Amino acid sequence: MPTTYNNPVYPYRRPAELDRQDIRHCPVVIIGGGPTGLAAAIDLAQQGIDSVLLDDNNTVSVGSRAICFAKRTLEIVDRLGAAQPMLDKGVTWQLGRVFFQDREVYDFNLLPEDGHRVPAFINLQQYYFEEYLVDRADQLNDRIDLRWKHKVTAVDSRPDRALVTVATEDGDYRLSCDYLLVADGANSRVRDMLGLESKGQVFQDRFLIADVVMKADFPTERWFWFDPPFHPNQSVLLHKQPDNVWRIDFQLGWDADPEEEKKEENIRPRVQAMLGEDVEFELEWASVYTFRCRMMDDFIHQRVFFMGDAAHQVSPFGARGANGALQGTDNLAWKLARVLKGQAPEALLATYNTERQHGAAENILNSTRATDFITPKSRVSRLFRDETLALAEHHPFARSLVNSGRLSMPCRYDGSPLNGPDAEGFPAELRPGSPAKDAPIRLDGQPAWLLNRFGDRFVLLLDGGVSTARADALAAELDQLLARRADLDLVIVGPAPHALAGLPRTIVIEDADGLLAERYGLHAGSGYLIRPDQHVTARWPEISADAVGEALDRALGTHLADVESHHATA
C-alpha cells in the first residue's frame with residue numbers, strides 16, 4: 001500500500017547503566033513512548049520533574065489510528081507546548097451529518113460560539129501527533145531521557161519503589177524509581193507481569209478501517225451513515241485527514257474474517273461502491289478491529305500507575321480513547337510533581353484513581369451506549385434505532401436519542417475530594433471539578449488567551465473592580481498568602497487598583513470582548529481558584545485570603561493525609 005507519510009526513525013543510544021554496578025534510582029520511569037507516555041513526560045518536565053521514558057520501538061505509530069482530537073485535548077497539548085503544529089497540520093471541523101439509508105437526517109454543530117483559541121475538533125493522524133510530542137520532548141531533554149529500543153522485560157512493584165529490568169541490543173540493565181508510569185497500551189505487558197486485569201465487555205462485531213488517499217469534494221465534516229444503500233444493514237463513518245487521506249470505517253458484522261477483510265482486493269469494492277465508480281483512490285492503510293470497553297479496578301498498584309489504554313479501553317466511536325488518555329496524564333502529572341517536591345502528601349496521588357476512574361467510567365458508559373445503538377443485537381433494538389432515525393429527520397427531540405458516538409467531552413470531577421467551596425450565581429458548567437473555559441483577553445495591550453495564563457501552577461483568577469479601600473485590605477491579605485504559597489499566581493481581570501496590580505507573581509488582563517465575565521459570571525471582588533491542570537477547584541462571590549488558603553490545602557490533599565494518618569494510628 002502507498003503511504004503519504006515517512007515514519008521518522010529515532011536513534012538508539014547505549015545506556016550508561018550498562019557500565020555501572022549499582023542500580024540507578026530515578027524519580028519517575030515511564031514505559032511506553034506513545035501519546036500518553038510522551039505527554040506525561042512533557043508535563044512532568046514542565047513542572048520540574050525528571051523522567052526516563054522507555055519505548056521498545058524506534059519510530060511513531062503505523063497507520064492513522066487515533067485521528068479525532070477534541071478541544072480539551074488541544075488545550076492540554078497547548079499547555080504542553082505542542083499544539084500549534086497540530087493546529088497548523090490538522091483538518092479543523094465542527095459540523096457533523098447523520099444519514100439514514102438514502103437521505104440526510106440532520107446535522108449538528110459542536111462549537112457554535114466564537115472566542116476560543118482552539119476548535120471543537122481537529123482530525124490528525126496519530127503518527128503526526130506522536131511526532132510533534134517527540135519534538136517537544138527533545139526540547140526538554142535536560143529533564144526527559146527518551147530511550148528508543150529499550151524493552152522492559154520485568155517489573156518489581158514494591159510499597160516504597162518500583163524496579164524495572166530493561167533489555168537492549170547491548171545488554172540488560174535495571175532502574176529503580178519512586179514512581180513507575182505504565183502507558184504500554186491496551187494489551188499491557190506490564191499489567192500481565194503484575195497479574196492485574198482490565199475487566200469489561202467485548203462487543204460481537206467487527207469494523208474495517210480503511211485510510212484512502214483521494215481528492216474528493218466531500219466537505220471537512222463528520223459523516224455517519226446508518227444502513228446506507230452502498231453498504232446495507234451496516235454503518236459507515238467518513239472523516240477527512242491531512243494529506244488528502246480519508247478515514248472510512250465500515251461495519252462488517254461478527255462473522256467477518258478479519259484477515260480476508262484486510263486484503264486490498266476485498267476493500268476496494270466496498271470503497272468504490274461508496275465513492276462511485278469514477279472516483280480514483282489509493283489505499284494507504286487498513287485494519288480490522290473489535291469493540292472493547294474495559295478498565296482496571298484500580299489504576300494504582302503500590303508505586304505503579306497505569307495510564308491510557310493500559311488502564312482503560314473504549315470503542316473508537318466518540319473519539320474517547322486518546323482524548324481520555326490525555327485527560328488522565330493531565331490529572332496525574334501535577335499531583336506527582338507536588339508529592340515528589342514535598343509540597344503535598346502522598347495521599348494526593350490516590351485522587352488520580354478517584355478522579356480518573358470517574359472519567360473512565362463516563363467514557364465507557366458513552367462508548368457502550370454508542371456501540372449498542374450502532375450495532376443493535378435484537379429485532380426490538382434494531383426497530384427502536386430505525387424509528388428513532390426516521391423521527392429525527394423531522395423532530396428535534398429524537399435527535400438527542402441518536403447515538404453515532406457521543407463525541408468526547410471534557411470530564412468534570414463532580415464530587416472530587418479536592419473540590420473546594422462553591423456559591424450560587426455562577427455558571428453551572430464552571431462548578432468545582434470542571435475544566436476552565438477559554439476567552440479572548442488583552443495582556444499588555446496585546447491579544448491573548450485566558451487559558452494560556454493557567455496551567456502548571458495554581459492560579460487565583462480575581463475580578464479587580466473593587467473600591468480602593470477594599471483593594472488595600474485585600475492586597476495586604478493576598479500579599480501574605482503569596483509569600484507563604486510559592487505555587488500560587490494571581491491573575492486579575494482589570495482595571496485593578498494599584499495595590500492589587502503591584503502584588504508579586506501577578507498579571508493584570510483585560511476582558512477583551514466581555515466574554516470572560518460572561519463565561520465565568522464574574523463581578524467585582526469575585527474569583528476562582530484554578531488547579532495546575534486548569535480545572536476549577538473553588539470559587540467565591542467575595543475573595544478572602546483565608547478561604548483561598550483553605551481551598552489550596554484541600555486541593556493538595558492535606559485533609560486526605562490527616563485521614564490516612566488517623567487510620568494508621570487507629
Side-chain angles (χ1 to χ4, degrees), residues 46-48 79 334 337-338 341-344 418 420-423 425-426 430 432 436-512 514-517 519-556 558:
Q46 291 192 170
Q47 300 184 63
R79 180 174 62 78
W334 73 270
R338 276 144 191 84
K341 290 178 179 179
Q343 298 170 347
L418 304 185
D422 195 6
F426 288 111
L430 280 174
K437 295 186 73 172
D438 207 1
I441 60 171
R442 295 187 71 81
L443 178 62
D444 297 328
Q446 298 300 313
W449 294 98
L450 179 64
L451 277 186
N452 291 149
R453 311 274 69 80
F454 300 160
D456 300 340
R457 297 167 55 79
F458 284 96
V459 174
L460 178 62
L461 176 68
L462 170 66
D463 188 314
V466 296
S467 67
T468 301
R470 175 59 185 143
D472 291 343
L474 184 57
E477 292 180 33
L478 291 176
D479 190 39
Q480 294 182 29
L481 178 67
L482 290 166
R484 297 193 309 270
R485 312 304 284 258
D487 198 20
L488 177 65
D489 293 340
L490 183 58
V491 173
I492 301 178
V493 184
H498 177 73
L500 288 173
L503 288 169
R505 301 196 307 278
T506 296
I507 62 170
V508 178
I509 61 175
E510 299 174 57
D511 186 358
L515 290 175
L516 193 162
R519 289 173 183 170
Y520 283 76
L522 287 173
H523 55 270
S526 67
Y528 285 71
L529 180 63
I530 311 296
R531 300 186 339 185
D533 60 356
Q534 299 177 333
H535 279 248
V536 174
T537 192
R539 55 187 183 176
W540 303 268
E542 186 72 25
I543 287 289
S544 80
D546 287 344
V548 174
E550 290 172 4
L552 268 170
D553 286 339
R554 186 171 186 85
L556 289 169
T558 55

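These numbers come from a predicted model, not from an experiment.
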Spatial distance of atom [atom1] ([X]) from atom [atom2] ([Y]) [nearest 0.5 Å]:
{"X": "Leu500", "Y": "Ile492", "atom1": "CG", "atom2": "CD1", "value": "4.5 Å"}
{"X": "His535", "Y": "Asp533", "atom1": "NE2", "atom2": "CG", "value": "5.0 Å"}
{"X": "Gln480", "Y": "Asp546", "atom1": "CD", "atom2": "CG", "value": "9.5 Å"}

Give me the atom names and distance for the closest heavy-atom approach of [X] to [Y].
{"X": "Glu477", "Y": "Ala545", "answer": "OE1-N, 3.1 Å"}
{"X": "Leu481", "Y": "Gly549", "answer": "CD1-CA, 4.1 Å"}
{"X": "Arg442", "Y": "Ala512", "answer": "CG-CB, 3.9 Å"}
{"X": "Ala448", "Y": "Leu443", "answer": "CB-CB, 4.2 Å"}
{"X": "Leu529", "Y": "Ala551", "answer": "CD2-CB, 3.8 Å"}
{"X": "Leu482", "Y": "Leu488", "answer": "CD2-O, 3.4 Å"}

Which atom pairs, donor and acceptor, lie under 3.5 Å between side-chain atoms of residues 452-471 and protein residues at least two apart or in another chain?
from: Asn452; atom 1: ND2; to: Asp78; atom 2: OD2; distance (Å): 3.1
from: Asp456; atom 1: OD1; to: Arg79; atom 2: NH1; distance (Å): 2.7
from: Asp456; atom 1: OD2; to: Gln46; atom 2: NE2; distance (Å): 3.4
from: Arg457; atom 1: NE; to: Asp489; atom 2: OD1; distance (Å): 3.2
from: Arg457; atom 1: NE; to: Asp489; atom 2: OD2; distance (Å): 2.9
from: Arg457; atom 1: NH1; to: Ala486; atom 2: O; distance (Å): 3.3
from: Arg457; atom 1: NH2; to: Ala486; atom 2: O; distance (Å): 2.6
from: Arg457; atom 1: NH2; to: Asp489; atom 2: OD1; distance (Å): 2.9
from: Asp463; atom 1: OD1; to: Gly465; atom 2: N; distance (Å): 3.0
from: Ser467; atom 1: OG; to: Arg470; atom 2: N; distance (Å): 3.1
from: Arg470; atom 1: NE; to: Glu542; atom 2: OE2; distance (Å): 3.1
from: Arg470; atom 1: NH2; to: Ile543; atom 2: O; distance (Å): 2.8

Is a side-chain N or O of [X] found less than 3.5 angstrom from the main chain of [Y], in a donor-acceptor match?
{"X": "Asp511", "Y": "Leu516", "answer": "yes"}
{"X": "Tyr520", "Y": "Lys437", "answer": "yes"}
{"X": "Thr506", "Y": "Pro504", "answer": "yes"}
{"X": "Thr537", "Y": "Arg531", "answer": "no"}

ask   = In terms of side-chain heavy atoms, does Trp449 have a donor or acceptor partner in Asp438 at a distance below 3.5 Å?
value = no

- Task: Please test Leu556 against Gln343 for side-chain contact (heavy atoms from CB on, under 4.5 Å), starting from the C-alpha separation and ending with a verdict.
- Result: CA-CA 8 Å; Leu556 289 169; Gln343 298 170 347; 5.6 Å; no

- Task: Please determine which of Ile509, Ile530, Leu515 meets the side chain to side chain contact (heavy atoms under 4.5 Å, CB included) test together with Leu450.
- Result: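 Testing Leu450 for a side chain to side chain contact (heavy atoms under 4.5 Å, CB included) against Ile509, Ile530, Leu515 leaves exactly one candidate, Ile509.
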
Next on the checklist: If the threshold is 4.0 Å, N to carboxylate O, is there a salt bridge linking Arg505 and Asp487?
Outcome noted: no

